[in-house]
*Asks:* 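One structure, pasted below without further comment.
Computed from heavy atoms alone, side chains included, the values below leave out hydrogens, waters and symmetry copies. The sequence lines fix the lettering, A, B, ..., with proteins before strands; numbering per chain opens at 1.
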Amino acid sequence: MHSTAYLLLADGRFPSGGHAHSSGLEAAVAAGRVTDLAGLESFLHGRLSYAAPVTAAFTAATHLTASRLGRAPSHTHSDNKVPFLTLDAELEARTVSPALRLASRRQGRALLRAGRLTWPSELYAYLPKHPDGPHQPLALGVTTAAAGLSTEESAHIAAYGVLTGPASAAVRLLGLDPYQVQNLLARLAGACDEIAASAAAVAHKSPEELPAHAAPLADISAEIHATWEVRLFAS
Amino acid sequence: MLADHDESVPHTHPEPGVDPHPPLPQLDRAVRIGIGGPVGSGKTALVAALCRALADELRLAVVTNDIYTTEDADFLKRAGVLDPARIRAVETGCCPHTAIRDDISANLDAVEELEEAFGPLDLVLVESGGDNLTATFSKGLVDQQIFVVDVSGGDKVPRKGGPGVTTADLLVINKTDLAPLVGADLGVMDRDARARRGDLPTIFQSIAEDPHASQVAAWVRHVVAHSRGHEHAGAH
Ligand SMILES: Nc1nc2c(ncn2[C@@H]2O[C@H](COP(=O)(O)OP(=O)(O)OP(=O)(O)O)[C@@H](O)[C@H]2O)c(=O)[nH]1
Ligand SMILES: [Mg+2]
């Protein structure tokens with residue numbers, strides 16, 4: 001256990017660009033689908049059912065790959081990169097909305113910047129190069145490996161982040177009572193723990209076997225949101 | 001409207017171009033200057049004025065953080081003072097100060113993208129979203145920062161202080177043309193700014209009267225020249 005590193009990374013104040021992303025909540029608010037605490041609860045249940053399993057599993061799988069590599073690198077740099085290219089391609093295929101791809105990569109890039117400077121490591125160099133950055137779960141997987149965390153901890157940070165981003169955006173956008181929002185998050189904690197545990201349990205599988213849940217309405221909303229003239233959140 | 005405000009008021013102190021700070025370390029990248037200040041004080045107008053004044057002599061780009069993503073960027077594009085491709089807008093998730101101080105990643109990404117696309121650049125201006133008197137830029141994001149307030153908020157603003165007024169490398173008190181209309185006493189603002197800021201420079205200006213923001217442009221030239229290890233700025 002590296003408890004303090006774990007808490008640092010899970011903390012919403014860790015400067016990895018998350019504050020500017022609402023994970024679809026801004027679009028849902030504008031469409032009138034989320035107007036109050038009950039609406040936020042439904043929204044977060046949705047996030048837990050489609051986004052969290054995928055995000056947590058890809059984070060955990062990347063973490064496992066990176067940790068093994070950290071212990072026993074292959075001789076050639078390019079061999080080391082192959083498993084990450086596969087993870088990237090599989091996650092890209094699961095992220096059908098171009099706007100969500102971009103949001104994931106932008107957040108991955110921001111996390112990578114923060115991770116590199118916080119826990120320097122050779123591992124970051126194995127991530128596939130992309131002009132918009134690596135997908136967020138891949139960046140998180142490598143960062144948690146560099147920070148010395150366990151696969152379970154990496155999955156946990158990923159699942160937790162799926163909830164806290166939109167919850168914090170809801171407090172800012174709707175002026176919800178922050179205590180009630182924390183109470184809601186506490187009530188969702190058990191579900192979040194389960195998702196993290198399941199994700200860690202499949203981390204050893206080959207990437208094509210990882211969860212592939214989808215939510216068409218979230219994809220469509222993200223595409224519409226990206227066309228807005230005026231928006232407060234990047235996604 | 002541009003009527004008789006008191007010309008005897010010292011418009012600037014100390015001399016613009018005389019920076020009490022130790023010189024910046026020499027940079028191998030563009031100088032980054034943050035422009036912050038309350039809503040509507042004239043940050044975008046200042047960015048536009050600086051582009052007008054400097055675009056011919058410096059290789060420039062602009063990052064803007066208006067809470068409404070594209071508002072400032074659109075204004076600058078319409079003003080036609082800079083190639084629109086050199087202006088990037090960053091979303092701040094309702095927290096303009098977070099994006100310039102606590103989590104600067106999106107702004108750093110935007111600055112670096114501009115440097116990659118158009119580099120080498122001499123100067124990148126980062127306009128923060130309008131915020132309050134406590135909002136300042138992280139040193140991880142900018143090399144120097146300008147804090148813009150205006151006279152229409154009342155002449156008490158410098159007295160209130162706050163990190164922006166107190167510590168910014170340059171304080172700009174804008175819209176002096178409006179002082180007589182709002183009953184703001186520039187002498188009081190000058191005295192309070194000196195008391196708050198010690199040796200740090202303050203510039204009084206009206207962009208309405210001086211669309212090239214000449215004094216601020218001179219300060220910026222000086223900062224850019226210093227970052228290159230030159231003693232003096234280029235032509236004025
Ligand atoms: N009279 C007068 N008006 C000015 C001056 N400078 C700016 N303005 C006007 O003040 C208004 C606000 O200026 P902006 O440059 O948009 O202010 P800002 O600080 O960028 O505002 P936000 O980005 O919304 O916080 C505009 O209508 C400008 O034309 C000035 O020196 N005198
Ligand atoms: Mg502006």
Side-chain angles (χ1 to χ4, degrees), chain A residues 11-27 29-30 99 102-103 105-118 129-134 136 139 143 164-176 222 225-235, chain B residues 29 32 39 44 63-78 84-85 87-119 126-132 135-142:
Chain A
D11 191 338
R13 286 166 297 190
F14 191 71
S16 54
H19 75 99
H21 291 265
S22 79
S23 304
L25 188 89
E26 184 176 31
V29 167
L102 183 64
R105 291 192 181 280
R106 288 258 163 92
Q107 290 181 85
R109 178 168 67 181
L111 175 58
L112 198 60
R113 181 196 292 282
R116 275 197 166 117
L117 294 168
T118 313
K129 297 273 174 295
H130 188 285
D132 298 320
Q136 197 270 352
T143 304
T164 52
S168 146
V171 170
R172 282 175 269 163
L173 280 173
L174 293 169
L176 296 182
H225 182 262
T227 66
W228 290 4
E229 277 299 324
V230 165
R231 60 172 181 265
L232 299 169
F233 289 83
S235 77
Chain B
R29 54 160 175 79
R32 299 167 184 178
V39 177
T44 305
V63 177
T64 163
N65 285 222
D66 193 291
I67 52 160
Y68 290 110
T69 325
T70 56
E71 190 95 346
D72 284 330
D74 286 349
F75 173 82
L76 291 173
K77 287 169 187 170
R78 275 199 311 276
I87 303 166
R88 291 280 152 100
V90 163
E91 293 93 345
T92 63
C94 304
C95 291
H97 55 271
T98 305
I100 59 162
R101 189 183 59 203
D102 309 289
D103 186 348
I104 56 180
S105 51
N107 271 304
L108 283 173
D109 285 340
V111 170
E112 289 172 7
E113 277 173 13
L114 285 165
E115 294 211 59
E116 235 157 73
F118 301 102
V126 182
E127 180 189 342
S128 99
D131 207 306
N132 60 41
T136 50
F137 285 83
S138 162
K139 292 184 171 61
L141 176 59
V142 299

*Asks:* Do A:Arg106 and B:Glu91 make a side-chain contact, defined as non-hydrogen atoms from C-beta onward lying under 4.5 Å apart?
*Replies:*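 Sidechains of B:Glu91 and A:Arg106: no contact.
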*Asks:* Can you check whether B:Ile87 reaches B:Thr64 side chain to side chain, under 4.5 Å on heavy atoms?
*Replies:*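 Yes, their side chains come closer than 4.5 Å.
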*Asks:* Which answer fits B:Asp102, side chain, backbone, both or neither, if we ask what part of it has an atom under 4.5 Å from a heavy atom of chain A?
*Replies:*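 B:Asp102 touches chain A through backbone heavy atoms alone.
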*Asks:* Answer whether the closest heavy-atom distance between the side chains of B:Thr92 and B:Thr98 falls below 4.5 Å.
*Replies:*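 B:Thr92 does not reach B:Thr98 side chain to side chain.
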*Asks:* Suppose a student defines contact as a heavy atom less than 4.5 Å from any heavy atom of chain B. Which residues in residues 168-175 of chain A would they list?
*Replies:*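 Within residues 168-175 of chain A, near chain B: A:Arg172, A:Leu173.
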*Asks:* Salt bridge or not between B:Arg32 and B:Glu115? Use side-chain N to carboxylate O under 4.0 Å.
*Replies:*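 The answer is yes: the pair qualifies as a salt bridge.
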*Asks:* With a 4.5 Å limit on heavy-atom distance, are the side chains of A:Phe233 and A:Leu25 in contact?
*Replies:*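 The answer is no, as the side chains (C-beta and beyond) never meet within the 4.5 Å cut-off.
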*Asks:* Run the salt bridge (charged side-chain N to carboxylate O under 4.0 Å, His left out) check on A:Glu26 and A:Arg231 step by step: do they pass?
*Replies:* CA-CA 8 Å; A:Glu26 184 176 31; A:Arg231 60 172 181 265; 6.0 Å; no
*Asks:* Quick one: what part of B:Glu116 sits under 4.5 Å from any heavy atom of chain A, side chain, backbone, both or neither?
*Replies:*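 For B:Glu116, there is no contact with chain A at all, as no heavy atom is under 4.5 Å.
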*Asks:* I'd like to know if the side chain of A:Ser23 and the backbone of A:Pro166 have a donor-acceptor N/O pair within less than 3.5 Å.
*Replies:*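 Flag not set: sc A:Ser23 to bb A:Pro166 has no pair under 3.5 Å.
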